[in-house]
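What follows is a set of notes on a single structure, which appears directly below.
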Amino acid sequence: MKRKHLDYLIPFLFICLLFLGSWKLANHFYTKELLEQQEEFLTSNGELIIHRLDLNQLDSTSNREVIESFSKEANDRITLLDAKGKIIFDSTEPNLSGSRENRPEVKIVLNSNDVGSSVRHSTTLKAELLYTAQPIRTKDATVGILRVAKRTSAFQPKTRNFQRTIFIILFLFYVFIYLIICYLIYQRNRPIETVLPVLQRMLKEPEKSNYVMQNSPQWQELYVAVNQISEQLNETYAAYTSTEEQFSTLFHELTIGVFIIDTEGRFTMINPAMEELLQIGGASQHYYWQVIEDNKFIQLIQQVLVDKNQVHQEISTKLPSSMNLDIRLRYLENEIKGDQIMGTVYDLTHVRRLEKIQRDFVGNVSHELKTPVTSLLGFTETLLDGAKDDPDLTEEFLTIMQNDAKRLQRLIQDIIELSKDSNDLAEDRQTIELNYFLHQQIELYEHLLKSKQITVTIDGAENCFYQTRLTFFQPIVKNLLENAIQYSPENSLIELSYRLNDQLEFTVTDHGIGMSKDDQKRIFERFYRVDKARARHSGGTGLGLAIVKEYSEILGGTVIVESHPKLGSTFTLKLPNK
């Protein structure tokens, strides 16, 4: 008896939940649509008001009169704000002042210069209001903000009739569905006694066809459906063998190494990715100790064979090549095909290399930041201990402290520049005239060039226009020029040249200290310096050329260096012209 009641109770509860959810959803969307219509209406009213305002003097008396008149006619609250969100005039409280820049609708206007709206409780009117705010623009400039508000109680009663109608329709609909369900439950008899044995045979012998041999008009469709399922199951079982080919395709397409070893130690399956890691082909049906050269890997397999468990470990191998491998081995018991070991191997070599670069970068940053900070603290303590009474010594210390602070500032700025990528900034492609642009960059270092008596020449056609993302292109030129000045001796020459065809080829040549082949391989690493003493003395951060390399790649180009010790260096930048 309880079971029978439960059969009716569960559908009833489910129908009730569906009814409540449907009614809530319909009510939500209708209310949302109504609010959007009211927002459009208030926005249109706001546009009418703006057309009647004196935009040259927002706080004029005529503007207040227009707002008061429109507020009385539309029974709306209208607030006039300046371009920063400060109240100029409010139709409800003329003496109201202060800023409304933190209101949601005003924030939208201030941030995106678009129409903003929000529904919230007004502490001034002690009622819920719908607010819309829109920019007041003149000559492509925002001179103020107009906010129009209406009580939600003015239009929400319109929804009641619709809500009642929807409620009644949904109620009748779900009552009808529930009655149908009850009818189906009531009409049930006991066909399970006939169908269950057939289903059990279907599960036990899926390769054979099993049919219901009954003729019942009331359940004829059910029996036909069961017979169809039996036929489909038979066909599915027949097609089961073809899935092995599909599995094999997936197995061989995996990018991680996967293999299966039987208890005798033979590879029963191994995918190409695993063979590539082992640098061997045709490993299937070979013993694992004949294929795997690394002893640690062999010991892990032997451990799983003995413990019949699973293991997950990362190892560093030297054979067949130096790699970091993440290895997962699992012992699989299979009474039909025999026990097996399944292994997955992921090559972490590149990941670990990146982690090492990151650790080195953090260590270098810490060291580079610590040096000027320690200097600043040391000279500050010396001054506080009494050195400040000596004017000459004070001036000397303050000059050193200023230089260290500037170097710290440059280092932080370079780190920020180096952290940018192509997704950090919006597309800001600009067209520049290369000759004029390079002269502008040289002028920034005019004082330093004069002090070292360095001459800079530019070789390239005039009126040569190039479109690029200036946010990344300018730091490249800046750092290449700084690097050339930094490592050039006094009374020397720096040569800049450019050629623009299918690509831009820009070169910077100095006649400074140059560098060896080993230095050229590492010159674009972060914090790497050819001459550490000279670089620190000149205030270099060791990040300039790293910025050049990364920004060149962001722009789709490359940068290379040719150099000889004591003869100078030539940096060549190649960027696409598109």
Side-chain angles (χ1 to χ4, degrees), residues 355-421 424-425 440-454 471-472 474-490 492 494 510 512-513 515 519 522-551:
E355 290 176 351
K356 182 180 183 303
I357 293 174
Q358 183 183 27
R359 289 194 300 270
D360 293 343
F361 176 73
V362 172
N364 287 328
V365 169
S366 302
H367 177 72
E368 295 294 335
L369 290 174
K370 181 179 179 181
T371 301
V373 170
T374 302
S375 174
L376 289 171
L377 290 174
F379 285 115
T380 303
E381 291 175 358
T382 303
L383 289 172
L384 291 175
D385 287 341
K388 63 179 180 296
D389 297 329
D390 186 341
D392 295 336
L393 191 59
T394 299
E395 181 178 359
E396 180 184 352
F397 281 8
L398 289 176
T399 300
I400 297 173
M401 292 169 65
Q402 183 185 42
N403 291 335
D404 282 335
K406 289 181 178 179
R407 180 168 178 267
L408 184 60
Q409 182 186 38
R410 287 193 297 272
L411 177 62
I412 294 173
Q413 184 61 38
D414 281 350
I415 293 173
I416 294 172
E417 290 288 334
L418 200 57
S419 67
K420 295 178 182 177
D421 60 31
D424 287 335
L425 300 170
Q440 283 184 316
Q441 301 306 306
I442 294 171
E443 288 176 0
L444 298 176
Y445 302 95
E446 184 176 356
H447 177 73
L448 183 59
L449 292 170
K450 286 183 178 180
S451 65
K452 296 184 70 173
Q453 296 183 357
I454 295 175
T471 305
F472 297 106
Q474 191 273 340
I476 294 174
V477 176
K478 166 183 169 293
N479 282 292
L480 287 176
L481 186 57
E482 281 185 2
N483 185 75
I485 296 173
Q486 177 179 322
Y487 289 100
S488 292
E490 295 182 355
S492 61
I494 296 176
D510 65 69
I513 62 174
M515 66 189 84
D519 287 330
R522 302 187 59 192
I523 191 65
F524 295 108
E525 293 180 11
R526 301 174 181 185
F527 293 107
Y528 184 79
R529 298 184 177 92
V530 176
D531 189 336
K532 296 179 174 58
R534 180 188 294 266
R536 291 189 184 278
H537 179 72
S538 62
T541 63
L543 293 174
L545 292 179
I547 293 173
V548 169
K549 182 176 184 297
E550 295 204 11
Y551 280 16

Pairwise distance CD1(I485) to CG(L449) - rounded to 0.5 angstrom: 4.0 Å
field: Atom pair CD1 (I494) and CG (L481), whose distance is rounded to the nearest 0.5 Å
entry: 6.0 Å
message: If the condition is side-chain hydrogen bond (donor to acceptor under 3.5 Å, both in side chains), which residues does E446 pass it with, not counting sequence neighbours?
response: K450
field: From CG (N479) to CD1 (I547), nearest 0.5 Å
entry: 5.0 Å
field: Pairing residues for Q474 by the side-chain hydrogen bond (donor to acceptor under 3.5 Å, both in side chains) criterion, not counting sequence neighbours
entry: Q441
- request: Measure across N483 and L545 and return the closest heavy-atom pair with its distance rounded to 0.1 Å.
  value: OD1-CD1, 4.0 Å
Residue pair P489 / G512: nearest heavy atoms and the distance that separates them: CD-CA, 3.6 Å
query: What distance do S492 atom OG and Q453 atom CD have between them, rounded to the nearest 0.5 Å?
result: 10.0 Å
task: Measure the spacing between CD1 of I476 and NZ of K549 and express it to the nearest 0.5 Å.
output: 12.0 Å
message: Would you say that E490 contacts I454 through its side chain, given a criterion of any heavy-atom pair below 4.5 Å between the two side chains?
response: no
message: Could you measure the distance from the CG atom of L480 to the CD atom of E482? Nearest 0.5 Å is fine.
response: 10.0 Å
query: Side chains of K478 and Y445: closer than 4.5 Å at any heavy-atom pair?
result: yes
task: Would you name the heavy atoms of F472 and Y551 that are closest together and state the gap between them?
output: O-CD2, 3.4 Å
